[in-house]
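What follows is one structure encoded as structure tokens, with my remarks underneath.
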Amino acid sequence: MSFEKRLEDVILRLFDVQGVKFGQFTLKSGLVSPIYFDLRVVVSYPELMEDVADLLWECRPKDAHFTSVCGVPYTALPMATIVATKQKLPMLIRRKEEKSYGTKRLIEGHFKEGDNCFIIEDVIVSGSSVYETAVSLRGCGLEACPALRCDALRCPALTRPDLSLLPSLRGCGLEVTHAVVFMDRQQGATNNLKNLGVTIKSVCDMESMLKILLRNKKITEEHVDSVNRFLKESQETIIRKQPADGAPDKESVGRLSMSFGDRVATTSQPLVRRLLRLMEEKRTNLCVAADLGTARDVLQLADKVGPHICLLKTHVDSISDFTAEFPKQLTELAERHNFLICEDRKYGDIGSTSADQYSSGLFSVSSWAHLVTVHALPGDGQLTALSDRAAGAERGALLVAEMSSKGCLVQPAYTAAVVKMAEAHPYFACGFIAQSSVSSDPRFLVLTPGVSLVSTADGHGQQYSSPERAVGERGADVVIVGRGVTRAEDPAAAAREYAQRAFSAYLQRLK
Ligand code: 5BU
């Protein structure tokens, strides 16, 4: 029997056992809906339950390789169990009760770093339950992972998703890229989840279910009209966090409304995790652009501003007396003051050339810079080439999505394509250099240059705004300040002030 015929048969049987109801129903999101789709009933009808599970499995993305399956508790658990046993696919269970990641297990079942777990869910409205499950699966392993405290964190599993090549380190984060749901209520979940890095496939949506029920004279045109009216008015759902007591809280989940600390669990990219933690703990989201001409000056500046920054940005090819000693000393300062280093090299050539520039030559950037900036222009071959040269070290790239300079040629379509490229390479792309909130994905950092409290322009195209504007209005996570600090009479005091103002703006944004 064709998929469509089997779906029709399942929908009609579900209707007969009251899996579809019409009336007034308050959904988890607070919306009052004229229709309720309730897959919980299938546990009483084993054949129907098996048919639902079979349809779910058939809708999985055929080009992706999954190493485990996890049903969102509780309704989807039996269906995930059927899929797991029929397909001989290991299953994981996410505990619903545990709120924090602590020492108690949040995920039951055995898994290893980089395993790609495929989520099964019954119904999606905003997608928040799938999101919570994805966060647990992505983050839980890492929190529990002893590798976090040692060099094992550098396991290739976390830098490239090539599962077949992995050594067997236990306990790192799971990849979650796809979920299959039975019913998409067409209220924004697919888009919400896409922004969080989870692609959704659905067996059925409201529209096709209503068509089936109408065709078979189970419902009337009035039913269809009332559901369509409701759907039209309530398409823009947002994902809400669910506190332990079950009541939705007010905070929506997206980059701008999440704290740096909460975002740690949304990604398994080790450098992003480290920087988010550092920013939260050190209470700074300031990057100083150390644009000075000699190694001594850059090192002196780094020592002075070190206590106030999360990141130091360099242009090493502007340092007249660069030697291999410079990165060594800078690394010592970074460790002493707890900041990371970004070389603003803006690679932009074919992959092979950029990779050579990155990992060899006088500067040997890959050996010391945690982050590098990259133009997306050449295509993503450049990203994979750089990532290969990073050779499993804790490294990443920031993609230039927009520039601060007047007359910059970047167009919105280009920026959107840059964001897409990062989404396709989350193991190496850590975020963006941008002037606006180019992505709401909490896995990515947005860093904004062109910040100053003393100038509005520099006479050569640079355009400045304040830390408050950059963070509060434009959506920067990190502000990049160069001359506002380097040319200040007291660079340490200036850095302190920029850091305080940028971090206050971030705290204000969270409110
Ligand atoms: P300033 O002195 O605060 O203007 O320095 C800004 C730094 O950020 C400088 O190192 C630039 O190379 C860097 N930058 C920028 O200003 N604008 C951009 O769009 C990008 C980088 Br990308």
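Whatever order the structure lists them in is the order used to number ligands and atoms, beginning at 1. FYI, side chains are in, hydrogens and waters are out, and symmetry mates aren't considered; it's all heavy atoms of this structure.
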Is the ring pair Tyr506/Phe260 parallel, tilted or perpendicular, if the boundaries are 30 and 60 degrees?
parallel

Under 30°, 30 to 60°, or over 60°: which ring-plane class applies to Phe339 and His337, parallel, tilted or perpendicular?
parallel

Closest protein heavy atom to [atom], given as residue, atom name and distance to 0.1 Å:
{"atom": "atom 12 (O) of ligand 1", "value": "His315 NE2, 2.9 Å"}
{"atom": "atom 17 (N) of ligand 1", "value": "Ser404 OG, 2.7 Å"}
{"atom": "atom 16 (O) of ligand 1", "value": "Gln462 NE2, 2.8 Å"}

Numbered atoms and elements of ligand 1 in range of Arg483, under 4.0 angstrom, heavy atoms
1 (P), 2 (O), 3 (O), 4 (O)

Could you tell me if Thr314 and Glu343 have a donor-acceptor pair between their side chains, going purely by distance under 3.5 Å?
yes

Do Asp321 and Thr294 get their side chains close enough for a donor-acceptor pair, meaning under 3.5 Å?
no

Would one find an N or O of [X], backbone or side chain, under 3.5 Å from an N or O of ligand 1?
{"X": "Val400", "answer": "no"}
{"X": "Ser405", "answer": "no"}
{"X": "Gln435", "answer": "no"}

Go through the steps for Tyr498 and Val485 under the test side chain to side chain contact (heavy atoms under 4.5 Å, CB included), then give the verdict.
CA-CA 8 Å; Tyr498 279 101; Val485 167; 3.8 Å; yes

